[in-house]
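Note sheet for the following structure.
Along the sequence shown, the residues carry numbers beginning at 1.
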Amino acid sequence: MRNLSPLILGMLIAVAPVQPVLAAEKADKDKSTAQTVALEAVALPVIVDGRLLNYVFCSIRLDLAPNADGAKVRAKEQFIRDDLVRTGHRTPFTRSDDYTRVDEAKVRAEVLRFAPSVVGPGVVKSVVITKQTSQKLMTLPPASKTPSHEILP
C-alpha cells in the first residue's frame, strides 16, 4: 500500500487543476442553451398632438425560457409585431425628449404584456431592443413661448 501512495497522490495533484476548467465549460454550455428569437424590424410611429411625425424601425430580441419552444415563438412573431404597430398607433411609444427614438420601457412592457396570450405564459423572459433607426432625422420643436402676464403700456 505504501508503494501506491505516491502514485495516488500524484494523480490527485494532476487532476485537481482540471476540475475548475470542467466546471467552467459546463457553465458555458448552460449559457449557450439560452434561446432567443430576433423579430423582424417593426416600424413604430412617432405621433405628437395627433400628427404623425416620424417612424422608428426597431429590431427586437426576445429572450426565451430554457424549456420554451423557439419554433413555436417564431411562428407567432407576426402577431407580436402586429400588436406593437396597433398599440403604437393607439397609444404611441413617443419620447418627449427625442422624436428619433421610441420609449424602450413602454415597448418592452407591451411585448411582455401581449406575448403570454400568444405563445403562453412564462415563455418570454425578457425583451431587448437591439437597434432603433429613425426614418427622418428630426429635432424637437422649439419650446412654445407662453404669453406674458405683464401689462405693457
Side-chain angles (χ1 to χ4, degrees), residues 12-150 152:
L12 286 174
I13 291 173
V15 173
V18 175
Q19 289 176 341
V21 171
L22 293 175
E25 286 178 4
K26 184 176 184 263
D28 286 344
K29 286 181 183 177
D30 291 342
K31 287 181 185 176
S32 67
T33 60
Q35 298 184 55
T36 62
V37 172
L39 301 182
E40 289 184 30
V42 58
L44 298 175
V46 174
I47 300 172
V48 177
D49 296 328
R51 291 183 47 226
L52 177 65
L53 297 181
N54 197 5
Y55 278 101
V56 177
F57 298 91
C58 295
S59 298
I60 300 172
R61 185 183 77 220
L62 305 178
D63 295 329
L64 307 180
N67 60 349
D69 184 6
K72 179 182 174 187
V73 176
R74 277 186 209 87
K76 302 288 184 173
E77 170 193 357
Q78 69 269 17
F79 298 110
I80 296 172
R81 289 187 299 119
D82 180 62
D83 175 67
L84 278 173
V85 172
R86 288 175 187 265
T87 305
H89 279 86
R90 233 179 297 125
T91 54
F93 303 117
T94 304
R95 291 175 51 157
S96 61
D97 62 337
D98 189 359
Y99 292 161
T100 61
R101 301 178 59 81
V102 294
D103 188 347
E104 292 184 16
K106 288 182 182 178
V107 173
R108 280 194 299 266
E110 177 59 25
V111 172
L112 290 173
R113 182 198 67 78
F114 183 72
S117 65
V118 175
V119 295
V123 174
V124 177
K125 286 191 320 185
S126 64
V127 178
V128 179
I129 299 176
T130 56
K131 184 179 176 183
Q132 293 187 40
T133 306
S134 176
Q135 182 183 23
K136 300 176 185 174
L137 296 177
M138 315 182 68
T139 59
L140 288 174
S144 60
K145 296 182 180 179
T146 57
S148 176
H149 296 291
E150 295 179 25
L152 300 172

> Would you find a donor on one side and an acceptor on the other, under 3.5 Å apart, between the side chain of Ser126 and the backbone of Asp63?
Replying inline: no
>> If the condition is salt bridge (charged side-chain N to carboxylate O under 4.0 Å, His left out), which residues does Asp103 pass it with, not counting sequence neighbours?
In response: none
> Do other residues, nucleotides or ligands put more than 12 heavy atoms under 6.0 Å from Arg86 CZ?
Replying inline: no
In the structure I gave you, are the side-chain heavy atoms of [X] and [Y] within less than 4.5 Å of one another anywhere?
X      : Y      : value
Val127 : Val107 : no
Lys106 : Thr87  : no
Cys58  : Val102 : yes

> Is a salt bridge present between Glu77 and Arg74, judged by a nitrogen-to-oxygen distance below 4.0 Å?
Replying inline: no
>> Tell me every residue that passes side chain to side chain donor-acceptor pair (under 3.5 Å) with Gln132, counting only those two or more places apart in sequence or in another chain.
In response: Glu104
Please report the interatomic distance [atom1]([X]) to [atom2]([Y]), rounded to the nearest 0.5 Å.
X      : Y      : atom1 : atom2 : answer
Leu39  : Arg81  : CG    : CZ    : 7.5 Å
Arg95  : Thr100 : CZ    : OG1   : 8.0 Å
Phe114 : Leu84  : CZ    : CG    : 9.0 Å
Thr133 : Arg101 : OG1   : CZ    : 9.5 Å
Ile60  : Ile80  : CD1   : CD1   : 9.0 Å

> Nearest heavy-atom pair of Ala41 and Ser59: which atoms, and what distance?
Replying inline: CB-OG, 4.4 Å
> Minimum heavy-atom separation for Lys125 to Leu64, with atom names?
Replying inline: CE-O, 3.5 Å
Can you give each donor-acceptor pair under 3.5 Å made by side-chain atoms of residues 42-56, sequence neighbours left out, with the distance rounded to 0.1 Å?
residue : atom : partner : partner atom : Å
Asn54   : OD1  : Lys136  : N            : 3.1
Asn54   : ND2  : Tyr99   : O            : 3.1
Asn54   : ND2  : Ser134  : OG           : 2.7
Asn54   : ND2  : Lys136  : O            : 3.3

